[in-house]
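Heads up: the structure comes next, in structure tokens.
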Amino acid sequence: MNTQDTAAAKANLSFDDFKKIVLHDFKLINESRQASLLGRKEVLTGKAKFGIFGDGKELAQVAMSKVFQNGDFRSGYYRDQTFMFAIEALNLQQWFAGLYGHTDIEFEPMSGGRQMGGHFGTHSLNADGSFKDLVNQKNSSSDVSPTASQMPRLLGLAYASHFYRINKDLQNSPFSNYSNKGNEVAFGTIGDASTSEGLFWETINAAGVLQVPMLISVWDDGHGISVPKKYQTTKESISEVLKGFQRENGGKGYEIFKTKGWDYAHLCETYEKAIKVCREEHVPVLVHVEEVTQPQGHSTSGSHERYKSKERLQWELDFDCVKQMREWIIANALANEEELNAIEEEAKEIVKQAKNKAWADYLAPIKNEVTQVISLLEEIEDEEISAISKELKSIKEPIRRDIHTAVKSVLRLSLNSSSSSRAQLINWLQNAKIENNDRYSSHLISQSDKKVSNSISNSVIYADDKQVDGREILRDNFDAILNKYPEVMIFGEDSGKIGGVNQGLEGLQLKYGEHRVFDTGIREATIMGQAIGLAMRGLRPIAEIQYLDYLLYALQLMSDDLATIQWRTKGKQKAPVIIRTRGHRLEGVWHSGSPMGMIVHACRGINVCVPRNMTIASGFYNTLLQCDEPALIIEPLNSYRLKEKQPSNFGEYKIPLGIPEVLQEGTDITLVTYGSSVRIAQDAIKLLQKFNISIELIDLQTLLPFDVNYDCVKSLQKTNRLVVLDEDVPGGASAYILQKIIEEQKGYQFLDSAPITIASKEHRPAYGSDGDYFSKPNADDVFDVIYNLMCEVNPNQFTKIY
Ligand SMILES: Cc1ncc(C[n+]2csc(CCOP(=O)(O)OP(=O)(O)O)c2C)c(N)n1
């Protein structure tokens, strides 16, 4: 038997069928390579802004695609175009549309032009925002650019398979649309240099602990942009250093494989072995693909001749995977030179046509807009305007900015004209604004009927006046939630066995099982990623970050991944994660922070709830579980042991987001605050009342969304004076609140005094009760600021105290 017969027999195929598959793969890698080559030209000639391509990684991706099945998920990075072509989740024309930034999601399905090319994703959602039948399609979570940030999400995508497998309650409709009893594998891809990131290591360790079906491929081309492996990886080999993770004697760990990026037969064999272990044994597997090349260098931003040696460049030519596959086909007599030449020529032609078509499609609607605008401009008789019109007409490949600049220039020039063309031009501009808002700015939050702004509130009911600790209210409400929603799981550090550091989950693991309420390692970033991946697969994770101060470890994932998911896919993916944490003041530098400005600025796209007590916190959990948006809920640390009236409708009462509560009506000053500062404000108000100063106290309750009915400005209309109190640094969240009330709600019109913010000191809160008193605003501070303001207003009535 000759070599090709052996290979065909191994694959259990007839020789002809085997040949067909091989030549199909050869054609695919050629098409992908040609796309990269042409793509670079498109950038260098200015048609596209930036290019980062998958050349050199084609063959490994074709091999990986062969074991990727319906229901599986990918979480990868910008090199994976060949894989996306191979699983038929992307075609060449769409790929070029991505390079150009075509804003029509029908043409550019990855992100509607929002992400730079090479950021891949499939559509998980129907037009109404509901999940599609994910088990009957091939899925890719949407890529992000920060290196290794795909890893934490990958953990969650894999963990979802584990959860579906062990949770028998979720093996029927609608959950059977998301998983077939957990048989799905999550595929990760990462470049060798990105394995230097902490996120990679945290994910590797967590997946090893959890033993989830995750297949990670490392595309090892020896460099991270220009920096070689000797500066990236101990022993210059990721599989070498990961050896301690290798499973032994039936124990936990990884199965680790090594292969070469140019060796078609070995790649295919390796992926077959790897998937067998991963899918059948439901354990993590790592495939280290070595000897991968990067023929055009890292991206269009530079050339690799600057940092690769002559020898390396020559080696890359010799071991180019397209060249190597060609030689392998000939050596195995699967095709001759002419046949392969024909395939290569055909690939070139196909890619050229796809590129031309994508460019024409990209340009057509813009040119259409140019035509509309020019026809309006030509109606205006004015020399300068004619020149603008001519110039616009002369641009061969216009962008929308050119049209807008022209229209706005004309409107400035024709200020004193009352022609109908000018009116039509204004009309055109207004319509364009709506269209461009949809093109570039839609879906920061959900646009489905489950969006937060559609949520229906439901009042808290009290059967009697019984008072209980705040933590008991949370616990009983989580009990009701876990009972009502089988798709909810709650996890974090100490959340399982002991029921949380503040006992808000006391006894719930025992009641609902270790798979519903569980402990995790100390790994905030992957707790977040675990939640993101779970939520992307139809589950409703409540992820605990033990203290607000430690949210920073997870904040990058919240900001780069979670907050942008709906926006960066133009509503084609979602992850309605609920993040539970506790914060504001308690004791010590890292248990008292309240960096709310940092959070609201980093996390537009995530709801940020700052309840003052646990009844409201519980109400937010209940509301959010009816919605499909992510949220952060910060439970006030000092309220777990404070008494609150015990509700009787746990799991049912819903507190709306974006609706402040006026806790006390008053006439002199509007005092706006939230969270633990509410109690400080209330204490100060008691002191101020003794001086007949009347305060209207508003608890914002949520920072994102912010006071959707403009209640703050309504109060300001009455009091004409505004004080904002919080525990963030000066100019932190209080500046955000001022921008909202003064600018957005136009509160400046009603001010009779300068608005004032009361915040913490610029340093972290010092330890102890005195540390708190001198670091954070207290009732005396609030009294002083407000009393002094009243002195300014009416010095006769309010004489200076000191
Ligand atoms: C957090 C972060 N730091 C830096 C960058 C800039 N950057 C983009 S790609 C890259 C190198 C990645 O190399 P590697 O992981 O080996 O993947 P390759 O591009 O070689 O396939 C760097 C440094 C980034 N995107 N994200």
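Indexing begins at 1, ligand by ligand and atom by atom, following the structure's order.
- Close contacts of ligand 1 with Pro146, meaning ligand atoms under 4.0 Å from a residue heavy atom, involve 26 (N).
- Of the protein's non-hydrogen atoms, Gly224 CA, 3.3 Å is the one closest to atom 13 (O) of ligand 1.
- For ligand 1, the polar-atom distance check against Ala193 finds a nitrogen or oxygen pair separated by under 3.5 Å.
- The residue from Phe200, Trp219, Tyr78, Tyr77 that puts a heavy atom closest to atom 21 (O) of ligand 1 is Tyr77.
- The residues Arg79 and Asp143 are annotated as not salt-bridged, no charged nitrogen and carboxylate oxygen being separated by less than 4.0 angstrom.
- Each of the following atoms of ligand 1 lies closer than 4.0 Å to a heavy atom of Lys57: 21 (O).
- For ligand 1, the atoms lying closer than 4.0 Å to a non-hydrogen atom of Gly191 are 14 (P), 15 (O), 16 (O), 17 (O).
- Looking only at protein heavy atoms, the nearest one to atom 25 (N) of ligand 1 is Ser145 O, 3.1 Å.
- In this structure, of Ile190, Thr147, Ile52, the residue bringing a heavy atom nearest to atom 4 (C) of ligand 1 is Thr147.
- Taking the six-membered ring for Trp and the full ring otherwise, the centers of Phe83 and Phe68 sit less than 6.0 Å from each other.
- A donor-acceptor pair shorter than 3.5 Å cannot be found between the side chains of Ser149 and Asp560.
- Salt bridge present: Glu327 and Lys323 bring a charged side-chain N and a carboxylate O closer than 4.0 Å.
- Atoms of ligand 1 found under 4.0 Å from any heavy atom of Ser194, numbered from 1 in the order shown, are 12 (C), 14 (P), 15 (O).
- For atom 23 (C) of ligand 1, the nearest protein heavy atom (residue, atom name, distance) is Ile225 CD1, 3.8 Å.
- Residue-to-ligand polar distances place Asp221 within reach of ligand 1: an N/O pair is separated by less than 3.5 Å.
- Under the 4.0 angstrom criterion for non-hydrogen atoms, Gln294 is in contact with ligand 1.
- The distance between the ring centers of Trp359 and Tyr100 falls below 6.0 angstrom.
- Using a 3.5 Å distance cut-off with no hydrogens or angles, the side chains of Arg33 and Asn30 do not pair a donor with an acceptor.
- For the residue pair Arg523 / Gln530, a side-chain donor-acceptor distance below 3.5 Å is found, with atom types taken as modelled.
- Checked against a 6.0 Å centroid threshold, the rings of Trp328 and Phe26 do not count as neighbours.
- Remark: the Thr581 side chain and the Tyr550 side chain contain no N/O donor-acceptor pair separated by less than 3.5 Å.
- Residue-ligand proximity, Glu197 to ligand 1, at heavy-atom distances under 4.0 Å covers atoms 1 (C).
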